[in-house]
Amino acid sequence: MRKLVYYVAVSLDGYIAGPQGEFDFYPMCEDMMAWINERYPETVPTPIRESVGLPLDTPNKTLDTLVMGRGTYEPGLALGSTSPYDHLKQYVFSSTLAPVDNPQVEVVDTDPVELVRQLKKEAGLAIWLCGGGKLAGQLLGEVDQLIIKSYPVIAGDGVGVFTGNFEPTQFEVTQRAEFSSGAQVTWFDRA
């Protein structure tokens, strides 16, 4: 069975984006970008792949499907990209977006838990929960692994990593990596 992996950047105070969806306040460094390109190339948006030294035809290594909320989808859409991760099958949860004319993107207005359960039964690589916090809160019971990119920055306000009901859920640390910017990546598996 496929896993649902929440791979996400988080500030020290638990935000994945600013109040208006900003995410450019996370300090990037060359060693971390090289690591992302090598380990998780599929998480680099298609429109910027070449500018960060990643060929467009780089194969997916661990993820081949993406689920995201409308707020996560909006920044790419604002730049004219209807398929920000064209190398992945993308599901966008929204009750207000119109269908997108791209076979890689499906706008869905259904129960995210049921769709993820269905996707987990299909063949393929892991499923990436890309964001946002509200969708992550709805899917907490389905998250098999967290990959948290923790940055040494306080956001002060914004989109929480999980938004929803009080639902304590145990995870175990399985691995950790640190980079020159002070950022850390920690892998957590459901306990």
Closest approach of Tyr40 to Trp187 (non-hydrogen atoms, all atoms of both residues): OH-NE1, 2.8 Å
List for me each residue that meets salt bridge (Lys or Arg N to Asp or Glu O under 4.0 Å) alongside Glu22, sequence neighbours excluded, and say none if there are none. none
Does a side-chain heavy-atom distance below 4.5 Å link Pro112 with Leu135? yes
Just jot down the side chain to side chain donor-acceptor pair (under 3.5 Å) partners of Ser81, sequence neighbours excluded, or say none. none
Could you check Asp64, Ile36, Thr62 and say which one makes a side-chain contact (heavy atoms from CB on, under 4.5 Å) with Glu42? Thr62
Roughly how far apart are Thr82 OG1 and Leu77 CG, rounded to 0.5 Å? 7.5 Å
Could you pull out every donor-acceptor pair under 3.5 Å between side chains of residues 98-105 and any protein atom, sequence neighbours left out?
unit_1	atom_1	unit_2	atom_2	d
Asn102	OD1	Gln104	N	2.7
Gln104	NE2	Asp86	O	3.3
Gln104	NE2	Leu88	O	2.9

Straight-line distance of Leu115 CG to Thr110 OG1, nearest 0.5 Å: 5.0 Å
Among pairs that include at least one residue of residues 48-60, which meet side-chain hydrogen bond (donor to acceptor under 3.5 Å, both in side chains), considering only residues two or more places apart or in two chains? Arg49-His87
Side chain to side chain contact (heavy atoms under 4.5 Å, CB included) filter on Ser95, not counting sequence neighbours, yields Asp109
Salt bridge (Lys or Arg N to Asp or Glu O under 4.0 Å) against Glu30, all qualifying residues, sequence neighbours excluded: none
Closest approach of Phe25 and Ser11, non-hydrogen atoms and distance? CE1-CB, 4.5 Å
Going by heavy atoms in the side chains, are Val44 and Met33 under 4.5 Å from each other? yes
Side chain to side chain contact (heavy atoms under 4.5 Å, CB included) involving Ile154 - partner list, sequence neighbours excluded: Leu12, Asp13
Closest approach of Pro59 and Pro41, non-hydrogen atoms and distance? O-CG, 3.7 Å
I need the Thr72 OG1 to Phe93 CZ distance, nearest 0.5 Å. 11.5 Å
Minimum heavy-atom separation for Glu38 and Lys61, please, with both atom names. O-NZ, 2.7 Å
For Arg2 and Leu119, indicate whether the former's side chain and the latter's backbone hold a donor-acceptor pair under 3.5 Å. yes
So do Val116 and Leu129 actually touch side chain to side chain, heavy atoms under 4.5 Å? no
Side-chain touch Thr65/Leu125, heavy atoms, less than 4.5 angstrom: no
Do Lys121 and Met1 have side chains that get closer than 4.5 Å, going by heavy atoms? yes
Hey, any chance Tyr73 and Val161 share a hydrophobic cluster, counting ILVMFWY side chains that come within less than 4.5 Å of each other, even indirectly? no
In terms of hydrophobic clusters joined by side-chain contacts under 4.5 Å, are Ile147 and Ile127 together? no
Sequence neighbours left out, what passes ring-ring contact (aromatic ring centres under 6.0 Å, His included) with Phe179? Give chain and number order. Trp35
Val159 and Tyr15: same hydrophobic cluster, using ILVMFWY side-chain contacts below 4.5 Å? no
In the single-linkage hydrophobic clustering (I, L, V, M, F, W, Y; side-chain heavy atoms under 4.5 Å), do Val5 and Val113 co-cluster? no
To the closest 0.5 Å, what do you measure between CZ (Arg70) and OG (Ser94)? 4.5 Å
Applying side-chain hydrogen bond (donor to acceptor under 3.5 Å, both in side chains) as the test, list every pair that has at least one member in residues 136-157; sequence neighbours left out. Arg117-Glu142, Lys120-Glu142, Lys120-Asp144, Gln145-Asp189
If only atom types and distance count, is the side chain of Trp128 paired as donor or acceptor with the main-chain N or O of Tyr7 below 3.5 Å? yes
For Pro75, enumerate each residue passing the side chain to side chain contact (heavy atoms under 4.5 Å, CB included) test, keeping only those at least two apart in sequence or located in another chain. Phe23
Once side-chain hydrogen bond (donor to acceptor under 3.5 Å, both in side chains) is applied, what residue pairs with a partner in residues 160-174 remain, sequence neighbours excluded? none
State plainly whether one hydrophobic cluster holds both Val108 and Leu66, where clusters connect Ile, Leu, Val, Met, Phe, Trp and Tyr through side-chain heavy atoms under 4.5 angstrom apart. no
Val67 versus Leu139, closest heavy-atom pair with distance: CG2-CD1, 4.3 Å
Flag the pair Met32 / Val185 as yes when at least one side-chain heavy-atom distance between them is below 4.5 Å, and no otherwise. yes
If I take atom CG from residue Leu79 and atom CD from residue Glu74, how far apart are they, to the nearest 0.5 angstrom? 11.0 Å
Taking all non-hydrogen atoms of both residues into account, name the closest pair between Pro84 and Pro47 and its distance. O-CD, 3.4 Å
By the ring pair (Phe, Tyr, Trp, His ring centres under 6.0 Å) test, which pairs, at least two apart or in different chains, include something from residues 153-174? Tyr6-Phe162
Roughly how far, to the nearest 0.5 Å, is NZ of Lys3 from CG of Leu63? 11.5 Å
Could you check whether any side-chain heavy atom of Val52 comes within less than 4.5 Å of a side-chain heavy atom of Met28, counting everything from C-beta outward? no
Are the side chain of Gln90 and the backbone of Tyr85 linked by a donor-acceptor contact shorter than 3.5 Å? yes
